[in-house]
Every structure is written in C-alpha cells, then in structure tokens.
Trainee: 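This is the structure I have questions about; it appears just below.
Keep in mind the model is a prediction, meaning the values are calculated, not measured. Hydrogens, waters and symmetry mates play no part in the numbers below; they use all other heavy atoms, side chains included.
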Amino acid sequence: MKTYEAQNVDYEVVIGLEVHAQLLTQSKMFCGCSADYAAASPNTHVCPICGGMPGVLPAINAYAVEATVMTALALGAQIPDFARFDRKNYPYPDLMKGYQISQYDHPLSLKGWLSIIVDGQEKFIGIRRVHLEEDTAKLVHGPGYSLVDMNRAGVPLMEIVSEPDIRSAEEARLYLVKLRQILIYLGVNTGNMEEGALRCDANISVRPVGHTELGVKTEVKNMNSFRAVKLALEYEAQRQIKLARAGTPILQETRGWVDAEGRTVSQRTKEYADDYRYFPEPDLPPLLLTREWVEQIRAKLPELPDAKLDRFLREYNLSLADAEVLTSERNMANWFEAAVLATRSLGPSPKSGFQVEPKAVANFVSGELFRLMKANDQTLDQVKVTPAGLAALLQMVAEGKISVSVAKPVFEEMNTTGKSAPEIVAAKGLTQISDADHLQEVADQVIANHSQAVADYRAGKEAALKFLVGQVMRATKGQGNPGVINTVLRERLKA
Ligand code: ADP
Ligand code: MG
Ligand code: ZN
C-alpha cells in the first residue's frame, strides 16, 4: 500500500491477552514449600527443588492441576485426554533452574471462551488455552546491585491465553474484569493485580479495516491495574496507527508501560519461540486425564457470575444494575441471598401482612452496606451485621415499628456495636410514632410556624406538603410514620 493511501485509511485495533494467575494452593507447584509468601522474609520459602539444585526431582501439585482444569471448564474449554509438562529454556537470574517447567504443545485445555458486554451487546472472546506452569523468583534492584528472592520461585501459575478477538482497550479491560471475577468466584486466585497475583501481558497490532491478516504485534508488559491496561493499550494503539499512517514499519518487540510517563517504551525485540528449545520434562510423568475425573471436577464448579446474575434477575425481580452489583463478588451475592432467605423465613408481618421484598434487601445492601464498608474501609468478613440481623431490621420496618429513615442509623449502629435491631430501637426509644393524636399536635405546631409553606400548599403547590412532612419528621427525630403524617397534615390544612 502506498503511503498517500495509507494516510486516509481507518485502522482496526487487534488485541490478545496473556494472563498469569497465581493459584491459591498451600504448597508450591513441584515441592512442599509454602506458596503463601506474601508476608514472609526473603528466601525463607525455599528448598533444593524450587532453589534449582541439580539432582533433585519435582513432584506435581495435584490441586494445582485440578484448579487449572476447573478454571478451564468454567471458561467452556475442552480438556484433552493427554497433557504434559515441558521445559522452556532461557537464561535469566530469576529462573533458578535455567528453565521453567511449563506446557507447550499438550496443555491442560484448549478452545474456551468468555463473554463481555460491549455497548449493551454480548460479545464472545475466544480463549486459546489455559495451561499450568511455575512462577519465577523475584529480583529486587538497588543502586549498583540486584538481589534475588526465591520465595516466589515455583509458585503455581496458571496462564490463560485469549484469541486475538479483542478490538479496543476498553474491551481488554472488560475481559480482564470478567476473568478476574470468574477466578475469584472459583476461589483459585486472589485477583490482586497490585501485588502481582494476577498479571496481564497484552499483544496488540493494528490493520486497515477490512483486512483479515494480522498486523505485526507488540507485547506490552508491566501494567498492574485495570486502569494501566486501558491507558497502555490506548497509547500503544495510537502509536501504531501513527506509524502505519506514516508508512513506517512496526517492529515486533516487547514494550513496557511507564505509568508515570503515560507511555510505552521498547524493552527488547521479540525472540523466536524456538529459542526456548522446548522439550518434554523428563522428570515428570505425562497427565492422563480420564473423562470420569474431568466430570468430577465439573461437578464441583460453583454457580458462575453470569448464571447467578440471570437467576437473581429471575428469582428476585431486581433491576439489572442491582443484580450486577450484588453478583460482582461471590461472597456479597451469598450474603444478600442469605438475607433474602432470612426475611422469607420470618414470614409476612402479622400486623400488616407485608413481606419484606428482595428489592428492599437489595436497596439496603447496595446502598447502606456498601456505603458503610467503604466509609469504614471494611471487608464483608469484618461487617458485624449478619444477614439475619438485616432481615430482622427490615421486618421491623415492614411491621411499621420503625421508619426507613430510622432504619439507616440503626443499621449503622448494628455494624459498630454488633447489637441487634430490636435492642437498639428499644434502648434508644426509636419506635415509630403512628399515634395520630400526637402527630396532630406536632403538625399544628409546624403549620403555625410555616405560614408561607401553608399558603403555597393552599395555592396548589404539592411540593409545599413535602416540605411540611419533612418538618414534622424532623420534629419527631425521624420517628413519625410518614403515612400518618401525610394524612394528618392534609386534614389539618383543609381546616
Ligand atoms: P507469541 O508466540 O509471541 O507469544 P502467540 O501467537 O502465542 O504469540 O500469541 C500470544 C497472544 O498474542 C495471544 O493472546 C494471541 O491472541 C495474541 N496475538 C497473536 N498475534 C497477534 C497479533 N498480530 N495482534 C494482536 N494479538 C496477537
Ligand atoms: Mg507471548
Ligand atoms: Zn521448595
């Protein structure tokens, strides 16, 4: 293509992601060292096997294989009858053995998919493979020296490789958010990108719209948040399109994202795959994956985010936005559902016959609970209110014992003190005032003090009534029954 033509061509962005996820196992991939090294002093989780001593023999961590197959099944991938480990050879100071045990042409799974919602439309991103390997040690660089910490060496690492089906930085972000959500639902990964438990390398190229061959790609590394992934890919797409328009060839290379500068910089030109001299790991047996074993693992799959979302929409009549927030994390979804079940077991209020709606539970969870967790920097485990505790609180609202506006501070106090709703309401005398005679007195006072609002209401301004209701509420410290206040005020204003 000639340059003057290229200048006016529209380009399409093509992205494929390679995601590395540390598996939440007790021990490392091929030895008995603890894989939980986050709080450990350097080089305390190390033995001759993960330290790369000659003459030692690795043994496969069975749970890591199971977790990988479980993830693959959750991603709709196929599990072959036969898989094996291969040696990937390259010299680097963080690679204790001089090779990494990984998988090459017989991975644990092939051909999966994951769906994202782009502009309201469901889009399927192909997954090429999910395989298992081991993490490398960590280098710590100081002025004029480098140190090596072997605690991370040999930690089980799952790699999830997508097809080049992603078409924008935003789609890449959505893919990662969804993948992370699934991994957390499965309990196989912490999802912590800042700590490097979940890492993403992005392959990106551009091509004129309508072309089907892939362009030359670069591989972008060093992004440790969703935000960084999005910014890095936006930057890299623009850089490549600019080069393509100018007719300058794009080099196949690895580039690093420099967050502080908001750009990618060249790190090294890409080595060829055969530089790794892959060959089957002679010290490990091949894996024969029987259908029976695969089905046993499939049976252990929890309900996944999409299925849970659909079910919440169906069973609890929630808005899409509510259902999305409530299923974004599995433990939050469980908490919400436990609260709904608790309200159901309380049955309809004997006085009003009113049953607490799942919608009311959803409002409290996505409103009050989220707000408090954020304000107090609390995780769900640290929240003192139990699902049954919230159910009891909402039941008091349903029975007319307290108003919704009182329920909110009571909920907050339940979270601080761990006390129950009835205890707090009784101790503070917060019971809702539905006594019409008492409310009438207060209403008369309010009417006497707000002649302007009264005149406005009489002149037909409905909003003035709202104001007056608010004043009565205030005078009763939020304890007045809003329904009764409304009726009483309307009556007194007629007079
Ligand atoms: P490599 O051997 O360089 O790792 P692979 O073909 O194994 O490359 O692909 C690695 C990742 O890069 C996959 O996620 C794949 O979808 C993606 N990919 C491959 N070619 C391209 C390309 N031209 N543009 C964008 N992504 C690509
Ligand atoms: Mg690669
Ligand atoms: Zn070890």
Side-chain angles (χ1 to χ4, degrees), residues 18-25 27-58 87-102 133-159 189-190 192-203 218-225 227-229 231-232 235-236 251-273 275-278 281:
E18 293 167 284
V19 171
H20 286 94
Q22 283 181 343
L23 289 172
L24 278 167
T25 56
S27 56
K28 290 189 181 180
M29 190 59 229
F30 300 114
C31 63
C33 292
S34 163
D36 181 10
Y37 63 89
S41 310
N43 297 310
T44 52
H45 292 194
V46 60
C47 73
I49 295 174
C50 59
M53 296 294 126
V56 296
L57 284 177
R87 285 189 186 181
K88 180 179 182 180
N89 300 278
Y90 64 94
Y92 202 71
D94 68 6
L95 196 61
M96 307 323 299
K97 301 187 290 290
Y99 60 84
Q100 178 190 32
I101 303 181
S102 180
E133 56 190 37
E134 54 177 337
D135 211 340
T136 58
K138 204 167 181 169
L139 297 180
V140 182
H141 303 287
Y145 65 88
S146 289
L147 302 172
V148 64
D149 177 5
M150 287 182 259
N151 286 348
R152 199 179 72 174
V155 166
L157 198 62
M158 182 167 63
E159 180 168 349
N189 178 259
T190 62
N192 194 323
M193 291 181 80
E194 281 75 18
E195 284 173 11
L198 185 67
R199 315 196 279 267
C200 167
D201 298 336
N203 298 269
T218 61
E219 186 169 345
V220 186
K221 291 182 183 281
N222 211 21
M223 303 159 291
N224 57 9
S225 65
R227 180 190 143 274
V229 168
L231 291 176
Y235 174 89
E236 186 59 17
L251 298 178
Q252 181 168 340
E253 60 185 354
T254 302
R255 299 179 67 88
W257 170 246
V258 187
D259 203 68
E261 296 170 25
R263 65 194 185 103
T264 64
V265 296
S266 178
Q267 289 183 325
R268 59 191 158 88
T269 53
K270 185 81 185 160
E271 63 273 75
Y272 293 96
D275 272 358
Y276 292 127
R277 295 169 291 123
Y278 278 104
E281 168 57 59

Trainee: Under the side chain to side chain contact (heavy atoms under 4.5 Å, CB included) rule, what do Val19 and Glu159 come out as? Steps first, then yes or no, please.
Mentor: CA-CA 6 Å; Val19 171; Glu159 180 168 349; over 6 Å; no
Trainee: Are more than 12 heavy atoms, taken from residues, nucleotides or ligands other than Tyr90, located less than 6.0 Å from that residue's OH atom?
Mentor: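 Counting neighbours around OH of Tyr90, more than 12 heavy atoms of other residues, nucleotides or ligands fall under 6.0 Å, so yes.
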Trainee: Is there a side-chain contact between Glu133 and His20 (heavy atoms, below 4.5 Å)?
Mentor: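 A side-chain contact exists here, since the closest heavy-atom pair is under 4.5 Å.
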Trainee: Between the side chains of Tyr37 and Gln22, does any donor sit under 3.5 Å from an acceptor?
Mentor: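 The answer is yes; a qualifying pair exists.
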Trainee: When you measure from the centre of the six-membered ring of Tyr278, is the NZ or CZ of Lys88 closer than 6.0 Å and no more than 45° off the axis?
Mentor: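 The answer is no, since Lys88 fails at least one limit relative to Tyr278.
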Trainee: Hydrogens and angles aside, do Ser266 and Glu253 bring a side-chain donor and acceptor to less than 3.5 Å of each other?
Mentor: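 Yes, because at least one side-chain N or O of Ser266 sits under 3.5 Å from a partner of the opposite role on Glu253.
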Trainee: Working to the nearest 0.5 angstrom, can you tell me the gap between Arg87 CZ and Arg277 CZ?
Mentor: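 Reported to 0.5 Å precision, the distance equals 11.0 Å.
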Trainee: CG/Asp201 to CD/Glu219 distance, rounded to the nearest 0.5 angstrom?
Mentor: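 Asp201 CG to Glu219 CD: 5.0 Å, rounded to 0.5 Å.
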Trainee: Does Asn189 use its side chain to pair, donor to acceptor, with the backbone of Leu198 at less than 3.5 Å?
Mentor: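 Flag not set: sc Asn189 to bb Leu198 has no pair under 3.5 Å.
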Trainee: Distance from Glu236 atom CD to Thr218 atom OG1, nearest 0.5 Å?
Mentor: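 If we round to the nearest 0.5 Å, Glu236:CD and Thr218:OG1 are 3.5 Å apart.
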Trainee: So, Arg255 side chain and Thr264 main chain: donor-acceptor pair closer than 3.5 Å or not?
Mentor: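 Indeed, once roles are kept as given, a pair shorter than 3.5 Å links the two residues.
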Trainee: So, for Ser27 and Cys31, which heavy atoms are closest and what is the spacing to 0.1 Å?
Mentor: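 Distance-wise, the nearest heavy atoms are CB-O, 3.8 Å.
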Trainee: Of all residues at least two apart in sequence or in a different chain, which pass the salt bridge (Lys or Arg N to Asp or Glu O under 4.0 Å) check with Glu261?
Mentor: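 Partners of Glu261 by the salt bridge (Lys or Arg N to Asp or Glu O under 4.0 Å) criterion, ordered by chain and then number, come out as Arg263.
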Trainee: With Asn224, which residues qualify under side-chain hydrogen bond (donor to acceptor under 3.5 Å, both in side chains), at least two apart?
Mentor: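 With sequence neighbours excluded, Asn224 shows a side-chain hydrogen bond (donor to acceptor under 3.5 Å, both in side chains) to no residue whatsoever.
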Trainee: Which heavy atom of Ala35 sits nearest a heavy atom of Val155, and at what distance?
Mentor: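 That closest heavy-atom pairing would be O-CG2, 4.1 Å.
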Trainee: Is any side-chain heavy atom of Leu231 less than 4.5 Å from a side-chain heavy atom of Trp257?
Mentor: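 A side-chain contact under 4.5 Å exists here.
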Trainee: Is there side-chain contact between Glu18 and Cys200, with heavy atoms separated by less than 4.5 Å?
Mentor: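 SC-SC contact between Glu18 and Cys200 ruled out.
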Trainee: At what distance, to the nearest 0.5 angstrom, does CG of Leu24 lie from CE of Met158?
Mentor: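 Between Leu24 CG and Met158 CE, I get 9.5 Å after rounding to 0.5 Å.
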Trainee: Mind running salt bridge (charged side-chain N to carboxylate O under 4.0 Å, His left out) on Asp149 and Lys138 for me, showing each step along the way?
Mentor: CA-CA 5 Å; Asp149 177 5; Lys138 204 167 181 169; over 6 Å; no
Trainee: Output the distance between atom OG (Ser102) and atom CG (Leu157), rounded to the nearest 0.5 Å.
Mentor: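 If I round to the nearest 0.5 Å, the distance is 9.0 Å.
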Trainee: Search all heavy atoms of Glu194 against all heavy atoms of Ser225 and return the closest pair with its distance.
Mentor: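 Looking at all heavy atoms of both residues, the closest pair is OE2-CB, 3.9 Å.
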Trainee: Look up atom CD1 in Ile49 and atom CE in Met96, then write down how far apart they are to the nearest 0.5 Å.
Mentor: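 Atom-to-atom, Ile49:CD1 and Met96:CE are 14.0 Å apart.
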Trainee: Checking salt bridge (Lys or Arg N to Asp or Glu O under 4.0 Å) between Glu134 and each of Arg152, Lys97, Lys28, which is the one that passes?
Mentor: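 Of the listed residues Arg152, Lys97, Lys28, the salt bridge (Lys or Arg N to Asp or Glu O under 4.0 Å) partner of Glu134 is Lys97.
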Trainee: What is the minimum heavy-atom distance between His141 and Ser146, and which atoms define it?
Mentor: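 Nearest heavy atoms, His141 then Ser146: ND1-OG, 2.7 Å.
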Trainee: Which side-chain N or O atoms in residues 38-47 pair as donor and acceptor under 3.5 Å with protein atoms at least two apart or in another chain?
Mentor:
from, atom 1, to, atom 2, distance (Å)
Asn43, OD1, Met150, N, 2.6
Asn43, ND2, Val148, O, 3.0
Thr44, OG1, Ser41, O, 2.6
His45, ND1, Ser34, O, 3.1

Trainee: Please report the closest heavy-atom contact between Tyr235 and Gly262, naming both atoms and the distance.
Mentor: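 Looking at all heavy atoms of both residues, the shortest contact is CD1-O, 3.4 Å.
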Trainee: Taking Asp94 for the side chain and Leu139 for the main chain, is one N or O donor matched with an acceptor at less than 3.5 Å?
Mentor: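 It does not hold such a pair.
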